[in-house]
Each structure stands twice: as structure tokens, then as C-alpha cells.
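In what follows, a single structure is set out as C-alpha cells and then discussed.
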Amino acid sequence: MSEAPDVSVLIPVLNEGAHLRETVAAMQAQELEGLTLELLFVDGASDDDTKQILEELARADPRIRVFDNPARTTAVALNIALANARGRFLARMDAHSFFPRRYLALGVERLQRGDGVEQTTGPMLPRGTGRWSRRVTLALATRLGMGGSRKWEAVAAAGSEPVEIELDTGVFAGVFRRETVIGLGGWDDGFPVNQDSELAARIIAAGGRIVCLSQMGSSYLPRDDLPALWRQYSRYGYYRAKTASRHPSSLRTSHLLPPALVLTALAALLAPRRLRRPARVGVGLYAGAVAAESARTAREAPVRVAAGMPAVFLTLHTSWGLGFLLGAARFRRLGGVLREQIARVRRQLG
């Protein structure tokens, strides 16, 4: 490619051979509305045929470039792609998600309108196909599953009238000005997980705005077994604690609920008797909320699917909460942040 493209798409990959051709074809089919692009794939030493497929696709399409990532982490892969990107705009995409055809065009158009917007993104829409991934999809559509982020307002609006939601924290993927990301030093290599939210916290701290457009919603396949879901969400919680220790403003009150649930459950089992009783009441209230949401799900899904919902909710909340507590113990500066957040909640409650 002799001329620099408008958009550089940064795509970390690791062992994606099974569906890589389909994913790349969807990226190549982006409706660009006059924009040009390059697709920068960074392979984390895959042990399947990912690298061979990419090299074959690169020979057929000069827009595709392939790089190696011996470190095998996402943040490092993104920075390798960033160092080689030539576009005025950057987009992060994922090799096992599917993005709408106008994802790039919509993101660039919104950035060009200005208003202080430095990142545009869309909601992630779970699309379960397996036994447990269908249940995770249902769980993430409930208030118990979605938490307190405003991005879920855009999820609810996806497929209807266009909605733009201002975010106070980061979400997966997105479109940026290249100068914005370079000016902030790229992604932090110390965040193998949650690197999107950590970068978003720096964008907001620098005075930039992040908006979520319902039309940019992309779909992904949730984990299809509970152990994998546990590992995923425990890492999310752990690195959310690290992000909060570095960027206190990124911590929402809703982030404290899963670790509070874990502590309450432990108190119900191990605390002195005077504390054990109220803790058991708290666990009972949580169990009631889970039962109510699971019963509501039974009106929209087969009974055998709804019967597994309590296990999904419990996995989502306890793994994230335990991961957050372990992260809080590891990143000790978080103690002061938590005390400040608790004090804020008390003031809100009067």
C-alpha cells in the first residue's frame, strides 16, 4: 500500500484458526464510505494454523499485515500494532467477535463531529449458542447480570432508534484518533486484562469524552462452561481492582457489590454469632433476588435453561467479587479508594 490508510484496525489473535477466515471476511466487508483501511493482525505464537491462515490472506489482500507477539498478551499485541499503524484513526477489533458493517464508518464519523469525543464504541451483545453460553446471555440481559454501567442503556437500544450514551468508564474495542492513543502512551503492558478500561480512564482524566453508539453494537460468544466463566470473571475483578487503585474515579458503587456479597457469605459462615445473623439475612436477600430473576427468565426460555440460571449468577458474582478482593489485597493503594467510595455511598444515603 503506497498511500497511508484512513483507519488502522488493531487485532490481537491467538489460536483463532477455527473461525478466522469468517472473522476476517467480516472485517474486509466493512462499509467504509470513502475510507481506506489496513488490518494489522498480531499473532501471540498460536499453536494452531492461525499464522498460516493470516499469511495466506495477506498474500491475497495487501490491506492485511501480520506481526508476531512473543509476549502473548493483549496489551503488548495492541502496542505492536500501534507502532506499525499508519492510519489517522485506530480501531480495536477482536478475532472472535462480529462487528456491524458500518462499525468503522460510524466511529470515525462521530469522532470527526468533535464535541470533545476521543473514543467511540458500541455495546457488546452476547449471543449464546451452547448450553451454558445461552444462560450467560440471558443473565447478562438482567439487572443482576449487567451491573451499573451506562453501556447497558445502549445494549437495550441496539436494533431500535439510534442512541448515544456518554460513558464514565471504558468498554471493549472502539475507534480512536491515532494521536490520542499515542499521546497517552498506548495501552499499559501491565494490564493483561482490563486494558481497555485502564486506557479509557486516562482518556477521561485528560478531559476526553467516550461515547457508546447503539448502532455500533457487536456480538460475541460467551463462555460455554462454568469453570471457564469463573476464570474469566475472576480475572476481570482482579484487574478492575488494579485499575481502580491507579484511577480511583473509574470505580463505581456497583463494583463494590460482588465483593460485598463474598464478604457477607464468609461472615454468614465464620463471623461471631452477633454478626452471623445479619450476614445470613443478606445472603438470603441475594438468594431471593437470584430466584426472582431466574423465575422471570423461565417465562422467556425453556425451563431446563432457566433451571441453570442460579449457577450462572452465582458464578458471575462470586468469581468477580473474589477476584476483586484478591486484587485489593495485592494493590494496597486501593484501601483508601474503597474508604472514599464507602463514604460517598453513606453521604448519598443521608
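The shown structure was predicted, so the numbers you read here are calculated from the model rather than taken from an experiment.
Nearest approach of A139 to V312, heavy atoms of both residues: CB-CG1, 3.7 Å. Between A26 and F98, the closest heavy-atom pair is CB-CD2, 4.3 Å. In terms of heavy-atom proximity, I204 sits nearest to L167 at CD1-O, 4.0 Å. Nearest heavy atoms, A81 versus L10: CB-CD2, 3.6 Å. Nearest heavy-atom pair, G17 versus I53, reported as atom, atom and distance to 0.1 Å: O-CD1, 3.7 Å. Residues V66 and E55 approach most closely at CG2-N, 4.4 Å, considering heavy atoms.
A donor-acceptor contact under 3.5 angstrom links the side chains of Q195 and R92, judged on distance only. Residues T142 and E293 have side chains that never bring a donor and an acceptor to within less than 3.5 angstrom of each other.
Residues F41 and V24 are in side-chain contact: their nearest non-hydrogen atoms beyond the backbone lie under 4.5 Å apart. Considering only heavy atoms from C-beta on, S219 stays 4.5 Å or farther from S97 through its side chain. Taking 4.5 Å as the limit, some side-chain heavy atom of I11 sits within range of a side-chain heavy atom of L39. No side-chain heavy atom of S133 sits less than 4.5 Å from a side-chain heavy atom of R223. A heavy-atom distance below 4.5 Å is not found between the side chains of R110 and Q215. The shortest distance between side-chain heavy atoms of S319 and L229 does not fall below 4.5 Å. The closest side-chain heavy-atom distance from R209 to D115 is below 4.5 Å. Inter-residue side-chain proximity for Y220 and P222 is flagged as met; some heavy-atom pair is nearer than 4.5 Å.
Looking only at distances, no side-chain donor or acceptor of K242 sits under 3.5 Å from a matching main-chain atom of N194. Counting only distance, with no hydrogens or angles, the side chain of S8 and the backbone of G87 share a donor-acceptor pair below 3.5 Å. Of the possible donor and acceptor atoms, one in the side chain of E38 sits under 3.5 Å from a partner among the backbone N and O of R86. A donor-acceptor pair under 3.5 Å links the side-chain atoms of S46 to the main chain of N15, judged by distance alone. A donor-acceptor pair under 3.5 Å is absent between the side-chain atoms of R127 and the main chain of L221, judged by distance alone. At distances below 3.5 Å, at least one donor-acceptor pair connects side-chain atoms of D225 with backbone N or O atoms of A228. Between the side chain of R135 and the backbone N or O of M309 there is no donor-acceptor pair closer than 3.5 Å. Distance alone, capped at 3.5 Å, is enough to place a donor-acceptor pair between the T23 side chain and the A95 backbone. Although no hydrogens or angles enter the test, the distance criterion places no donor-acceptor pair under 3.5 Å between the side chain of R240 and the main chain of F324. Checked by atom type and distance alone, the side chain of T50 never pairs as donor or acceptor with a backbone atom of L14 at under 3.5 Å.
Atom-to-atom distance recorded for M27:CE and L57:CG is 11.0 Å, nearest 0.5 angstrom. Taking CG of L78 as the start and CG of D196 as the end, the distance is 7.5 Å to the nearest 0.5 Å. The CG atom of N84 sits 7.0 Å away from the CG atom of L40 when rounded to the nearest 0.5 Å. In this structure, W320 CH2 and L257 CG are separated by 9.0 Å, a value rounded to the nearest 0.5 Å. Between I182 atom CD1 and L82 atom CG the span is 5.0 Å, to the nearest 0.5 Å. Interatomic distance, R178 CZ to R88 CZ, rounded to the nearest 0.5 Å: 11.0 Å.
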_W230 vs L322, test: side-chain contact (heavy atoms from CB on, under 4.5 Å). Steps then yes/no._
CA-CA 10 Å; W230 178 282; L322 183 59; 4.1 Å; yes
_Evaluate C212 against E164 for side-chain contact (heavy atoms from CB on, under 4.5 Å), listing each step before the verdict._
CA-CA 6 Å; C212 185; E164 176 176 309; over 6 Å; no
*asked:* Is there a side-chain contact (heavy atoms from CB on, under 4.5 Å) between D224 and T129? Walk through the geometry before answering.
replied: CA-CA 8 Å; D224 198 32; T129 58; over 6 Å; no
*Please step through side-chain contact (heavy atoms from CB on, under 4.5 Å) for the pair V7 and Q30, ending with a clear verdict.*
CA-CA 11 Å; V7 185; Q30 282 285 304; over 6 Å; no
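In this pair, W187 and F176 present their aromatic rings perpendicular. The plane angle is above 60°, beyond the 30 to 60° band.
Test L104, T36, L37 against D6 for side-chain contact (heavy atoms from CB on, under 4.5 Å) and you get one pass: T36.
Two rings, from Y239 and F331, have their centers 6.0 Å or more apart.
D188 is linked by a side-chain contact (heavy atoms from CB on, under 4.5 Å) to F191, E198, R202, R246, counting only residues two or more places apart in sequence or in another chain. Under the ring-ring contact (aromatic ring centres under 6.0 Å, His included) criterion, F99 pairs with Y103, sequence neighbours left out.
A salt bridge does not link R102 with E109: none of the charged nitrogens is closer than 4.0 Å to a carboxylate oxygen. For the pair R59 and E56, the salt-bridge criterion is not met [side-chain N within less than 4.0 Å of a carboxylate O].
Hydrophobic clustering (ILVMFWY, side-chain heavy atoms < 4.5 Å, transitive): L325 and L266 are in one cluster. Grouping the Ile, Leu, Val, Met, Phe, Trp and Tyr side chains by contacts below 4.5 angstrom, directly or via other members, places F67 with L90. Linking Ile, Leu, Val, Met, Phe, Trp and Tyr residues whenever their side-chain heavy atoms come within less than 4.5 Å leaves V283 and L314 in two separate clusters.
Every pair passing side chain to side chain donor-acceptor pair (under 3.5 Å) that includes a residue from residues 274-288 is listed here, sequence neighbours excluded: Y286-H317.
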